[in-house]
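Start at 1 with the first residue, then count along the sequence.
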Amino acid sequence: MGVVKDILYKVSKKSFLKKVKSQSIFPYYHIIGDDKVDHIKNLYSYKNNSQFLYDIEILTQHYRAITPKDVLDDNYGDNCFLLSFDDGLKEIYTNIYPILKERNIKAIFFINPNFVDNREGLYKHYISIILSHIEKYGINKEQLDEISAIFGFSYDTLENFKEKLKGINFYEKDKLNIVFNIINLNIKDYLKDKMLYVTKKQISEMIDDGFYFGGHTMGHPRLNQLSHEEQKKEIIASIDWLKNNFGINYSLFSFPFSDKTVSKKLMSELFEYDRNIKIFGNSGLKKDIDNRIIQRFNLEKPSKKIEKQIVAENLYKFYNKIIGNYYIKRN
């Protein structure tokens with residue numbers, strides 16, 4: 001959450017929620033599940049099913065659930081919430097979808113088309129799979145040296161090696177296939193066996209049940225590592241893929257990793273693509289340059305209580321207003 005947010009979280013009290021709940025909120029998650037899966041556990045922690053159910057209970061007690069259509073139509077006011085989920089992991093179908101369906105709560109699922117039907121995977125997930133494999137089966141120094149040479153980094157301990165591997169960029173993702181060969185892991189078979197991501201059939205079922213889907217780029221790159229044209233192509237292609245494959249007539253998109261470096265020019269071009277598009281960032285309770293850009297905050301950390309986290313997000317909003325950071329500036 002950052003140093004300031006951590007301090008605000010510590011001083012927050014659950015009882016404050018009644019005083020700050022007037023603003024509509026847009027919490028997001030990636031995955032919910034009782035098992036710690038290899039492709040995620042080395043990247044971040046996440047809530048289990050019972051913790052997510054508790055979140056839903058608190059949200060519905062204090063806020064009014066709105067639908068993605070309400071947001072697309074600008075038909076909502078204060079004291080509302082809308083959930084969204086990034087990356088299109090299979091748990092959105094196996095765990096999250098049944099919970100929300102039972103409670104008649106609609107959500108947006110932002111997916112990367114390259115990963116649908118498990119043809120390939122997100123490079124960060126590949127890194128976590130590699131680290132999990134090393135943890136289970138070990139690795140010798142010759143293999144470590146060979147892998148570090150591929151990416152051009154040095155290391156002095158295994159932990160240092162792991163951190164360096166986590167830091168590789170999007171353009172180096174294809175080199176991970178060489179690493180899989182070194183550790184003798186067939187990633188194609190792994191994806192086929194584990195089924196990490198949703199399928200087209202599952203997406204169709206959820207759409208038929210009134211859930212909405214949006215683009216999240218084709219392959220989940222860090223956009224600041226791409227050229228302007230590459231960024232635009234990744235974004236629009238992911239939205240068009242959903243329209244072409246499922247016949248939807250709306251445009252929804254959320255930025256992978258962060259929206260902080262996204263330019264005003266790119267935002268303008270997305271509005272030219274579809275003037276009714278709704279774009280989702282992850283900068284918390286802030287005001288962006290256009291009302292069609294909706295800022296979210298993450299509720300995923302199992303160590304954070306939802307009531308205190310919502311209060312902390314609101315206190316952080318007031319803090320940003322004081323220091324002049326409430327309004328997002330884009331170059």
Side-chain angles (χ1 to χ4, degrees), residues 23-33 40 44 46-47 51-53 55-56 58-60 63-76 79-101 103-113 115-116 122 197-198 202-203 206-207 209-217 220 223 235 238-239 241-242 246 248 250-260 262 270 274 276-286 288 291-301 304 306 309-310 313:
Q23 177 168 347
S24 293
I25 58 173
F26 298 86
Y28 76 98
Y29 304 76
H30 295 83
I31 180 174
I32 300 295
I40 303 292
Y44 54 86
Y46 51 90
K47 290 179 177 176
Q51 290 170 320
F52 180 58
L53 284 167
D55 284 3
I56 296 297
I58 295 301
L59 287 168
T60 52
Y63 295 88
R64 176 172 58 89
I66 56 175
T67 69
K69 188 176 187 305
D70 291 329
V71 173
L72 285 165
D73 294 342
D74 295 315
N75 183 28
Y76 65 98
N79 195 216
C80 304
F81 79 93
L82 174 67
L83 297 177
S84 56
F85 302 83
D86 290 357
D87 295 355
L89 294 158
K90 74 175 180 183
E91 285 78 7
I92 67 172
Y93 179 78
T94 59
N95 294 354
I96 297 164
Y97 165 50
I99 290 172
L100 297 182
K101 182 179 178 181
R103 287 154 183 80
N104 196 30
I105 296 172
K106 297 298 185 281
I108 306 173
F109 299 110
F110 293 107
I111 58 107
N112 307 99
F115 312 145
V116 174
L122 198 162
Y197 308 98
V198 288
Q202 291 166 345
I203 293 173
M206 288 188 276
I207 289 175
D209 262 338
F211 289 83
Y212 280 57
F213 280 77
H216 195 48
T217 69
H220 206 291
L223 290 176
I235 293 168
S238 69
I239 302 169
W241 185 89
L242 284 164
F246 302 101
I248 61 177
Y250 55 82
S251 300
L252 294 167
F253 178 79
S254 77
F255 289 103
F257 293 113
S258 173
D259 64 289
K260 291 180 180 178
V262 176
L270 294 178
D274 184 346
N276 296 313
I277 190 174
K278 290 297 188 292
I279 301 169
F280 291 75
N282 52 10
S283 295
L285 297 179
K286 288 189 174 184
D288 217 304
N291 289 334
R292 290 169 288 186
I293 308 169
I294 298 168
Q295 290 297 339
R296 310 175 294 168
F297 58 86
N298 187 284
L299 275 184
E300 202 155 44
K301 289 186 178 181
K304 303 289 186 183
I306 179 174
Q309 193 169 352
I310 294 173
E313 290 288 344

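- In this structure the side chain of Ile310 reaches within 4.5 angstrom of the side chain of Tyr63, judged on heavy atoms.
- Atom-to-atom distance recorded for Lys301:NZ and Gln51:CD is 14.0 Å, nearest 0.5 angstrom.
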| request: Check the pair Asp259, Asp288 against side-chain contact (heavy atoms from CB on, under 4.5 Å), reporting the backbone distance first and the verdict last. | output: CA-CA 11 Å; Asp259 64 289; Asp288 217 304; 4.3 Å; yes

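- Taking CD1 of Ile25 as the start and CG of Leu285 as the end, the distance is 8.0 Å to the nearest 0.5 Å.
- Gly88 and Ile111 get closest at one heavy-atom pair: CA-CG2, 3.6 Å.
- Here the CG-CG distance, from Leu59 to Leu299, works out to 6.5 Å after rounding to the nearest 0.5 Å.
- Every residue two or more places apart in sequence or in another chain that forms a side-chain hydrogen bond (donor to acceptor under 3.5 Å, both in side chains) with Tyr197 is listed here: His125.
- Residues Tyr29 and Ile96 fail the side-chain proximity criterion, which asks for heavy atoms closer than 4.5 Å.
- Results of the side-chain contact (heavy atoms from CB on, under 4.5 Å) test with Tyr46 over Leu89, Ile40, Asn298, Ile32 single out Ile40 as the only residue that passes.
- Between Lys278 and Asp74, at least one side-chain nitrogen of the basic residue sits less than 4.0 Å from a carboxylate oxygen of the acidic one, meeting the salt-bridge criterion.
- The side-chain heavy atoms of Ile203 and Phe211, taken from C-beta on, include no pair separated by under 4.5 Å.
- Once rounded to the nearest 0.5 Å, the distance linking CZ of Arg103 with OG1 of Thr60 reads 8.5 Å.
- Rounding to the nearest 0.5 Å places CD1 of Ile108 at 8.5 Å from OG of Ser254.
- Residues meeting the side chain to side chain contact (heavy atoms under 4.5 Å, CB included) test with Asn95, sequence neighbours left out: Asn49, Glu91.
- In this pair, His30 and Tyr44 present their aromatic rings tilted. The plane angle is within the 30 to 60° band.
- Side-chain contact check for Ser84 versus Phe26: every heavy-atom pair is 4.5 Å or farther apart.
- Between Ile31 and Glu300, the closest side-chain pair of non-hydrogen atoms falls below 4.5 Å.
- Side-chain atoms of Leu100 and Phe85, non-hydrogen and from C-beta on, do get closer than 4.5 Å to each other.
- Residue Ile294 comes nearest to Asn291 through the heavy atom pair CG1-O, 4.3 Å, listed as atom of the first residue, atom of the second, then distance.
- Ring-plane geometry between His216 and Phe110 is classed as tilted, the angle between the planes lying from 30 to 60 degrees on a 0 to 90 degree scale.
- A donor-acceptor pair is defined here as one N or O able to donate and one able to accept, closer than 3.5 Å; no such pair exists between the side chain of Gln295 and the backbone of Lys286.
- Residues passing the salt bridge (charged side-chain N to carboxylate O under 4.0 Å, His left out) test with Asp209, sequence neighbours excluded: Lys101.
- To the nearest 0.5 Å, atom CG of residue Asp86 and atom OH of residue Tyr28 are 6.5 Å apart.
- Checking each of Phe213, Phe280, Phe246, Tyr97 against Phe109 for a ring pair (Phe, Tyr, Trp, His ring centres under 6.0 Å) leaves exactly one that passes, namely Phe213.
- Closest heavy-atom contact between Asp274 and Ser251: OD2-OG, 2.6 Å.
- Nearest heavy atoms, Gly215 versus Ser238: CA-OG, 3.4 Å.
- Relative ring orientation between His220 and Phe257 is described as perpendicular, the plane-to-plane angle rising above 60° on a 0-90° scale split at 30° and 60°.
- By the 4.5 Å heavy-atom criterion applied to side chains, Val71 and Tyr212 are not counted as neighbours.
- The closest side-chain heavy-atom distance from Tyr76 to Leu82 is not below 4.5 Å.
- If you run side-chain contact (heavy atoms from CB on, under 4.5 Å) between Leu270 and each of Val262, Ile293, Ile235, Ile239, only Ile235 comes through.
- The shortest heavy-atom contact between Phe255 and Gly281 is CD1-CA, 4.5 Å.
- The main-chain N or O of Arg296 is never found under 3.5 Å from a side-chain atom of Asn282 such that the two would form a donor-acceptor pair.
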